[in-house]
Structures are given as C-alpha cells and as structure tokens.
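Working notes, structure below.
All ligand and atom numbering here is 1-based and tracks the order in the structure. The model shown is predicted, which means the values in this text are computed figures rather than measured ones.
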Amino acid sequence: METKPLTGRFRADGRPVTLKEYHAAGGYDGLVMALSMHPDNVQKRVQDARLRGRGGAGFPTGLKWSFVPKTGGDKYFIVNADEMEPGTFKDRELMERDPHQVIEGAAIGAYAIGAHTAFIFIRGEYHRAAQCLQQALDEAYQQGILGSRMMGRDHALDIHLHLSGGRYICGEETALLNALEGKRPTPRAKPPFPQVAGLFGQPTVVNNLETVCNLPHIMRLGPEWYLSLSRCKDGGTKLYGVSGPINNPGLWELQLGTTAREIINVQGGGMRPGHELRAFQPGGASTDFLLPEHLDVPLDFDSVMQAGSRLGTGCLIVLDQQTCPVKMVLNLETFFARESCGWCTPCRDGLPYTETVLKDLIEGRGRPEDLKLLEEMIEWMAPGNTFCALAPGAMAPLHSALKYFRKDFERYLGKG
Ligand SMILES: Cc1cc2nc3c(=O)[nH]c(=O)nc-3n(C[C@H](O)[C@H](O)[C@H](O)COP(=O)(O)O)c2cc1C
Ligand code: SF4
C-alpha cells in the first residue's frame with residue numbers, strides 16, 4: 001500500500017509527472033470515484049479520513065466544506081498556492097513535480113461543494129510552477145477531464161490559474177478573495193465566512209494546495225488507509241521541510257507526527273560540522289521557537305500546540321548557536337513589517353515600530369525599558385486585536401525569543 005501518496009510518483013529527473021504516467025499510477029481514478037458518488041458522501045469520506053488543512057491553521061477540511069449551503073447558485077473552490085511564508089517551499093514542489101495531482105484534487109474539492117468554477121491562486125514569482133500547471137490544465141481540457149462534460153459525465157468544471165500580485169497578505173484567504181475580485185487585498189471581516197459569502201459574495205471554499213493534493217488518494221484508497229499513514233489521530237502524511245545550517249536541507253513526505261529529531265537528523269543529515277542546534281521554528285517564520293528539549297515532540301497539530309507553538313506549514317527553520325536570535329528576529333520582523341497590508345493600526349504602526357526598537361537595541365541605542373516595550377507590542381498585536389493573523393503570527397517568534405533567549409536581548413543593553 002502506498003506510504004508516500006503525494007510524492008511517490010515524482011520523477012528522479014525533477015521534471016513533472018506526465019499525464020500518461022499519472023494515469024498509469026491510478027491518477028484521476030479518485031475523481032472518477034468522486035463523480036460516481038453524491039457530493040455529501042465525498043465530504044463524509046474526507047471527514048472520516050480526518051484530513052486537517054495544511055495551510056497553517058489545521059482546520060478540518062470536510063467540516064469546512066460542510067458549512068457551504070446546499071442550495072443552488074454559483075459556488076467557488078479556490079486552491080491557495082500563494083506560499084510566501086519565509087522558509088516554506090512545499091506547495092511549489094507539488095506543483096512543479098506532479099501538477100495533475102493538483103488538478104485532480106481541485107476537481108474533487110469543487111465537486112464536493114457543488115462548484116463549477118475553481119481557481120488556483122499561485123504566488124506571482126512561481127513562474128516554473130505556473131508553467132507546469134498551465135500545461136497540465138491544457139492537457140486536462142484536451143482530454144475532456146475538465147470542461148463542460150467532465151470525464152464524459154453530465155457535470156461541468158472550469159479551473160483558472162491566477163498569478164498573485166505578489167504580497168504575503170494575498171495568501172490570507174479573505175484578502176485573496178479581494179485580490180481575485182481585482183480589489184485592494186485587505187482581509188475581510190468575519191463573519192460572514194467565505195463558505196457562506198466569499199468570492200463575488202457567493203459560497204466559496206479556500207484550501208491550501210497540499211490539502212487539496214491529499215483528496216485523490218483519500219477517494220481512491222479510503223479513510224482507513226489514510227488514517228493508517230499517520231502517527232496521530234489525524235490522518236495522512238505531511239510534507240516537512242528544513243532550512244538552516246544542516247547537512248541536507250530539503251523537503252520530505254513523512255508520517256504526520258514525525259518528530260523534529262528524526263527530520264533534522266535522519267532526512268536532514270544532522271547539523272553541519274561546527275554548528276549546534278539552539279532552537280527551531282516548526283512551521284515557518286510565523287511560528288514560536290521550540291528548543292532542543294522539544295525535539296521529540298511529534299510534529300502534529302495538537303502536540304506542537306501543547307508544546308507552545310504551531311505546526312504551521314511544517315517547514316522547519318533551524319537556529320544554531322552561532323546565529324544571534326535577536327538579529328534573526330529582527331530579520332523576520334522586517335519582513336512582516338514590510339508585508340503589513342496597513343488595514344489596522346496595531347499592525348500597520350506596531351510592526352515597523354517593533355522593527356525600529358529591535359534595530360536600535362542591536363545597534364547600541366537600546367534603552368532599559370525597551371524589553372518591556374516589546375512585550376507591550378506583543379500584547380497589542382495579540383489574536384483578536386487585529387483584523388487578521390499576520391500581526392499575531394509576526395509576534396510569535398519575538399514572543400518565544402524573549403521567553404527563551406532573554407539574556408541575548410539583555411546583552412545588547414550591556415547587562416549580559
Ligand atoms: C498573512 C497570512 C498569509 C497566509 N498565506 C497562506 C498561503 O500562502 N497559503 C495558504 O494555504 N494559506 C495561507 N494562509 C492561511 C489561509 O488564510 C487559509 O487559512 C488557508 O488557505 C486554508 O487552507 P486549509 O484549510 O487547507 O489549511 C495565510 C494566512 C495569513 C494570515
Ligand atoms: S493584521 Fe496587518 S496584515 Fe492583517 S489586516 Fe491588519 S494591517 Fe492588514
């Protein structure tokens with residue numbers, strides 16, 4: 001039985017899996033199966049598989065779909081491939097190596113919620129991934145997989161590829177909807193949630209690209225098989241990546257719940273000679289640091305939360321003993337401050353201010369009260385105080401760095 005459903009078909013030469021190869025490996029069988037079922041039963045199968053969204057928040061996918069009203073009218077299914085989180089490079093690999101898997105997953109998701117139009121919203125800089133997807137979409141139309149009679153059945157689906165204008169905020173699902181409508185990409189107030197009033201005011205589901213790639217396999221091989229892939233109560237494998245001073249940085253499909261120790265030491269080949277691990281961010285730039293004592297925490301949604309961070313995108317960033325955590329945090333805050341959409345005051349003003357305080361500290365202009373000030377900034381940008389999760393996410397590395405590496409901050413004040 002397959003243990004690497006998402007990446008198992010990847011070609012050794014790095015080129016995209018062809019349509020012929022995809023078919024030979026059972027490709028599009030999951031879509032045929034879905035089309036033979038009632039959409040409610042497709043939703044139930046995904047709920048039974050306990051698939052949780054891979055876009056960062058880990059929301060159960062089948063449950064999200066169930067909020068879409070069953071009434072008629074236009075509905076939209078959107079694949080979120082914006083992937084601008086620093087340190088994260090998982091969706092790009094899926095698009096460049098196996099684009100038909102993305103199309104099949106999008107078609108199944110669209111069918112499950114009753115949508116006849118879907119979009120793949122892709123990061124603007126991902127030129128190669130966009131080319132691979134467009135070629136696969138053209139093939140899918142030529143073969144009658146998409147279009148007015150999908151796979152020869154009385155069901156229509158169009159999938160459009162949309163290149164993002166190129167800001168981090170465009171990946172936030174409601175800002176993404178505004179971007180697709182041609183408006184300024186600021187997040188929308190929730191409720192109403194997109195499942196009820198999304199793109200052009202119609203019911204819409206936004207799912208991460210890795211989430212969507214799981215769908216063909218859940219349809220084809222069933223929830224029990226999918227649950228058996230994982231080491232925790234949620235189903236499936238996970239694409240885990242590592243960047244930083246390790247011997248073999250990269251991306252691997254592993255059981256959901258694999259530990260950071262295994263990923264860094266086995267797949268990643270361990271720390272580079274002369275470098276010692278000091279901490280790691282488990283799921284991209286907007287997640288709290290964890291320490292060596294957390295290396296054996298299973299990297300699943302609930303366990304990482306209990307350890308004080310978030311699984312996020314599952315792409316780890318490693319901090320070694322040689323790198324100054326304060327400078328690393330400044331680097332991250334510079335990114336977040338630049339990417340604030342400016343819609344709400346705590347984030348628009350607070351992030352550049354945080355950046356300035358950190359810079360002053362590092363450049364010798366720090367004042368004793370600055371650490372307290374940084375803590376206040378974390379409070380002001382806590383969840384619920386801003387329109388979207390960008391600002392609280394930006395505060396996560398700072399919050400955990402102040403907790404774990406306080407002495408490094410104090411050293412800049414001449415106290416260490
Ligand atoms: C600032 C910001 C940027 C985001 N960027 C992405 C992104 O690039 N890709 C993504 O899938 N989700 C991103 N998200 C999360 C989405 O809002 C949404 O939760 C996700 O696409 C839902 O997919 P899932 O249910 O399959 O996880 C971002 C959220 C925020 C706050
Ligand atoms: S938190 Fe920041 S990015 Fe999010 S809406 Fe407010 S200003 Fe925009």
Side-chain angles (χ1 to χ4, degrees), residues 46 51-65 67 77-92 94-95 102 105-106 109 113 119-126 129 164 166-179 184-190 193-195 198 204-215 234 236 238-239 283-287 301 310-315 333 335-352 354 380-396:
V46 172
L51 169 64
R52 290 177 67 173
R54 308 303 200 226
F59 197 82
T61 306
L63 182 64
K64 185 188 259 192
W65 294 356
F67 300 141
F77 187 82
I78 298 174
V79 181
N80 191 347
D82 199 46
E83 194 158 75
M84 249 187 91
E85 181 80 9
T88 295
F89 42 92
K90 64 188 183 70
D91 297 339
R92 185 185 73 192
L94 291 167
M95 291 184 273
V102 179
I113 63 154
F119 293 88
I120 303 173
F121 189 97
I122 180 174
R123 178 173 173 175
E125 293 84 357
Y126 277 180
S164 168
R167 306 309 306 203
Y168 179 56
I169 193 60
C170 292
E172 195 282 336
E173 60 179 7
T174 59
L176 183 155
L177 298 176
N178 279 338
R184 179 180 163 187
T186 47
R188 296 178 180 177
K190 292 190 252 184
F193 288 90
Q195 295 92 308
T204 303
V205 162
V206 181
N207 272 135
N208 169 255
L209 185 129
E210 183 188 349
T211 312
V212 166
C213 286
N214 283 274
L215 301 174
D234 299 309
K238 176 80 194 80
L239 293 193
S286 59
T287 54
F301 297 100
R310 285 188 307 114
L311 179 60
T313 62
C315 287
E333 299 310 339
F335 168 81
F336 290 121
R338 189 191 75 198
E339 294 300 328
S340 166
C341 81
W343 196 235
C344 48
T345 310
C347 173
R348 181 188 58 235
D349 291 352
L351 286 179
T354 304
W380 287 332
M381 286 180 264
N385 291 348
T386 59
F387 242 102
C388 86
L390 187 147
M395 290 296 99

Short N/O distance, under 3.5 Å, between Lys64 and ligand 1?
-> yes

Could you check atom 4 (Fe) of ligand 2 against the protein and tell me its nearest heavy-atom contact, residue, atom and distance included?
-> Cys388 SG, 2.4 Å

The answer for which part of Ile169 has a heavy atom under 4.0 Å from ligand 2 is side chain

Top protein contact for atom 31 (C) of ligand 1, by heavy-atom distance | Glu172 CG, 3.5 Å

Nearest-neighbour protein heavy atom for atom 10 (C) of ligand 1, which is reported as residue plus atom name and distance | Asn80 ND2, 3.1 Å

To which protein heavy atom is atom 8 (O) of ligand 1 closest, and what is the distance rounded to 0.1 Å?
-> Glu83 N, 2.8 Å

Does Pro187 approach ligand 2 within less than 4.0 angstrom via side chain, backbone, both or neither, non-hydrogen atoms only?
-> side chain

Any chance you could measure Phe193, atom CZ, to Thr204, atom OG1, to the nearest 0.5 Å?
-> 14.0 Å

Rounded to the nearest 0.5 angstrom, the CG-CD1 distance for Leu177 and Ile78 is 5.0 Å

Looking only at protein heavy atoms, identify the closest one to atom 18 (C) of ligand 1 and say how far it is in Å.
-> Glu173 OE1, 4.0 Å

Mind listing the closest non-hydrogen atom pair of Arg54 and Thr211 along with its distance?
-> N-OG1, 2.8 Å

Would you find a donor on one side and an acceptor on the other, under 3.5 Å apart, between the side chain of Thr287 and the backbone of Gly284?
-> yes

Identify, by atom number and element, the atoms of ligand 1 in contact range of Asn207, meaning under 4.0 Å from any of its heavy atoms.
-> 23 (O), 24 (P), 25 (O), 26 (O)

Please test Cys347 against Leu390 for side chain to side chain contact (heavy atoms under 4.5 Å, CB included), starting from the C-alpha separation and ending with a verdict.
-> CA-CA 8 Å; Cys347 173; Leu390 187 147; 4.0 Å; yes

Would you mind checking which non-hydrogen protein atom is closest to atom 27 (O) of ligand 1, with the distance to 0.1 Å?
-> Gly55 N, 2.8 Å

According to the interplanar angle, ranging from 0 to 90°, do the rings of Phe77 and Trp65 count as parallel (below 30°), tilted (30 to 60°) or perpendicular (above 60°)?
-> perpendicular

Verify the distance test for Cys344 against atom 2 (Fe) of ligand 2: any N/O/S atom under 2.8 Å, yes or no.
-> no

Looking only at distances, please establish whether an N/O atom of ligand 1 is found under 3.5 Å from an N/O atom of Thr211.
-> yes

